[in-house]
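Just so it is clear, the structure is predicted and the values come from calculations on it, not from any experiment.
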Amino acid sequence: SLLISAAVNKIKSISFQDRLTSYVYNNKIIFDYYFTCGSYFNKIFKKKYSAEKLISIGLLRSNLIDENLIRNEKFLLKIKSIKKIKKVISLILSTSSSRYKSDLYGEDGTSIKSLWNFENLICNLEKKLKNRIHILVKFKDKNFTYQEEFLKFEERLKKFNNVEIIKSDNINSANIISVSDIVIGSQSTIIEEALMKNKYSFILDFENFASTLGFYRYNNFYILKSIDNVIDSLMFLFNEDKKYIDNYNRNRKFFIENFLSDRGKINNFDTLRSKILNCINEELKN
């Protein structure tokens, strides 16, 4: 109703697609200017939204994945030392302190059941690749790390000396990804941001949640549905399998150019501010 009122009163509205899946949960939205994650989303929004102008800008936070932004120097030096002999794998977990999302959408990677799946993955990685990897685990929901289920999870993982749960407030998910060779997590925009930084990134979709969402069905090269899929993909990477890596990089390039950026140009929030000012100046001329 607010947007309709703005349109009736000839007040221009500007918005942007902050998350890849945001359009899935909205019906008809009215904007004068709408900045999208990529040119292929423009095709979707022409049918779904009412916008005078659709402008591709891409995801805007990939610049935060930069090891130069890590404030914890001790952590950075330790990981650099580990990387001399092992591959670093980051697990970015979306387990929530609230059941709201999984109750509303079904199994979407935020439930305790999903956490058990990731724990099972860690155990299998230990069996197959123990001497070749170091695993960093980060929970996006800080509040979950105070709950009993987390404490039990943490206790069970103490038997693995190459698995590290990062709880420090001054080491965030972007910091961890910046020093990782491989990134695995539930469906989350930060996985795509990792792709944009040329990390080998994967969505672990045990629940078949992301796999059913529009654009993911056509860009499933980085979606893994089982532990066996994960192990196979990691072995291809570790063994530098040319066919697998070339296919992955080719699909990643297409995905970034058409779904995550302005036709290959990577932007940030400074770009968005500049483009919004251009829109305002354009309206002032009329």
Side-chain angles (χ1 to χ4, degrees), residues 20 38 40 59 62 65-67 79-93 109 117-138 160-164 173-174 176-213 215-261 264 266:
L20 293 177
Y40 268 60
L59 292 176
S62 65
I65 300 175
D66 183 345
E67 68 177 44
I79 297 302
K80 284 185 175 181
S81 177
I82 290 171
K83 290 185 72 171
K84 292 177 181 178
I85 55 174
K86 294 182 177 182
K87 295 288 188 184
V88 174
I89 299 176
S90 60
L91 298 182
I92 309 300
L93 306 188
N117 288 331
F118 273 99
E119 183 178 344
N120 194 17
L121 170 63
I122 291 170
C123 293
N124 277 269
L125 290 175
E126 278 289 309
K127 291 178 184 177
K128 302 284 185 179
L129 299 164
K130 179 177 181 179
N131 297 322
R132 303 179 68 179
I133 60 173
H134 185 80
I135 299 174
L136 300 176
V137 180
K138 182 69 175 181
F160 303 129
N161 58 17
N162 63 328
V163 178
E164 186 176 356
S173 297
I176 292 171
I177 290 172
S178 72
V179 296
S180 297
D181 299 291
I182 297 164
V183 181
I184 303 173
S186 300
Q187 186 274 321
S188 171
T189 302
I190 201 168
I191 303 298
E192 283 77 33
E193 290 163 350
L195 281 173
M196 296 167 75
K197 299 297 285 190
N198 290 322
K199 301 291 183 180
Y200 288 107
S201 307
F202 301 95
I203 293 174
L204 187 52
D205 192 26
F206 285 117
E207 302 83 9
N208 202 37
F209 174 72
S211 305
T212 63
L213 300 177
F215 66 92
Y216 281 121
R217 295 200 299 270
Y218 309 106
N219 297 283
N220 59 6
F221 70 97
Y222 68 115
I223 295 180
L224 305 175
K225 294 188 176 183
S226 70
I227 289 173
D228 287 342
N229 287 160
V230 176
I231 299 295
D232 288 344
S233 295
L234 294 188
M235 293 306 300
F236 283 135
L237 292 175
F238 286 2
N239 294 330
E240 299 182 355
D241 185 279
K242 187 176 185 304
K243 182 179 179 181
Y244 177 87
I245 291 173
D246 286 349
N247 184 63
Y248 183 97
N249 288 335
R250 182 172 56 253
N251 284 314
R252 173 167 57 187
K253 183 175 184 291
F254 175 84
F255 188 42
I256 290 173
E257 289 179 352
N258 294 283
F259 290 85
L260 307 180
S261 68
I266 308 298

**OP:** Report yes or no: is the cationic atom of Arg250 (NZ for Lys, CZ for Arg) under 6.0 Å from the centre of the six-membered ring of Phe221, at an angle within 45° of the ring normal?
**Re:**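 No, Arg250 does not sit over the ring of Phe221.
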
Original post:
Among Ser178, Ser173, Ser180, which one satisfies side-chain hydrogen bond (donor to acceptor under 3.5 Å, both in side chains) with Ser90?
Top reply: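 So the option named by the test is Ser180.
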
**OP:** Assert yes or no for the condition that the ring centre distance of Tyr222 to Phe255 is strictly below 6.0 Å.
**Re:**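 They qualify: ring centres under 6.0 Å apart.
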
**OP:** Answer with yes or no after comparing the ring centroid distance for Phe202 and Tyr248 against a 6.0 Å cut-off, counting only values under it.
**Re:**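 Distance test on ring centres: under 6.0 Å, yes.
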
Minimum heavy-atom distance between [X] and [Y], given as atom pair plus value:
{"X": "Ile133", "Y": "Asn162", "result": "O-ND2, 3.0 Å"}
{"X": "Val88", "Y": "Lys83", "result": "CG2-CG, 3.4 Å"}
{"X": "Asn198", "Y": "Arg252", "result": "C-NH1, 3.3 Å"}
{"X": "Met196", "Y": "Ile266", "result": "CE-CD1, 3.6 Å"}
{"X": "His134", "Y": "Glu164", "result": "NE2-OE1, 3.0 Å"}

Subject >> Over 12 foreign heavy atoms within 6.0 Å of NZ, Lys87 >> reply: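 No - once you tally the heavy atoms of other residues, nucleotides and ligands closer than 6.0 Å, there are 12 at most.
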
Original post:
Counting only heavy atoms not in Phe238, do more than 12 sit closer than 6.0 Å to its CZ atom?
Top reply: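 Enclosed: over 12 neighbouring heavy atoms sit under 6.0 Å from CZ of Phe238.
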
Original post:
Going through the checks in order, is the salt bridge (Lys or Arg N to Asp or Glu O under 4.0 Å) test met by Glu193 and Lys197?
Top reply: CA-CA 7 Å; Glu193 290 163 350; Lys197 299 297 285 190; over 6 Å; no

Subject >> side chain to side chain donor-acceptor pair (under 3.5 Å) between Ser233 and Tyr244, intermediate numbers included >> reply: CA-CA 8 Å; Ser233 295; Tyr244 177 87; 3.3 Å; yes

Original post:
Listed by chain and number, what are the side chain to side chain donor-acceptor pair (under 3.5 Å) partners of Lys128, not counting sequence neighbours?
Top reply: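 In terms of side chain to side chain donor-acceptor pair (under 3.5 Å), with neighbours along the sequence ignored, Lys128 is linked to no residue.
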
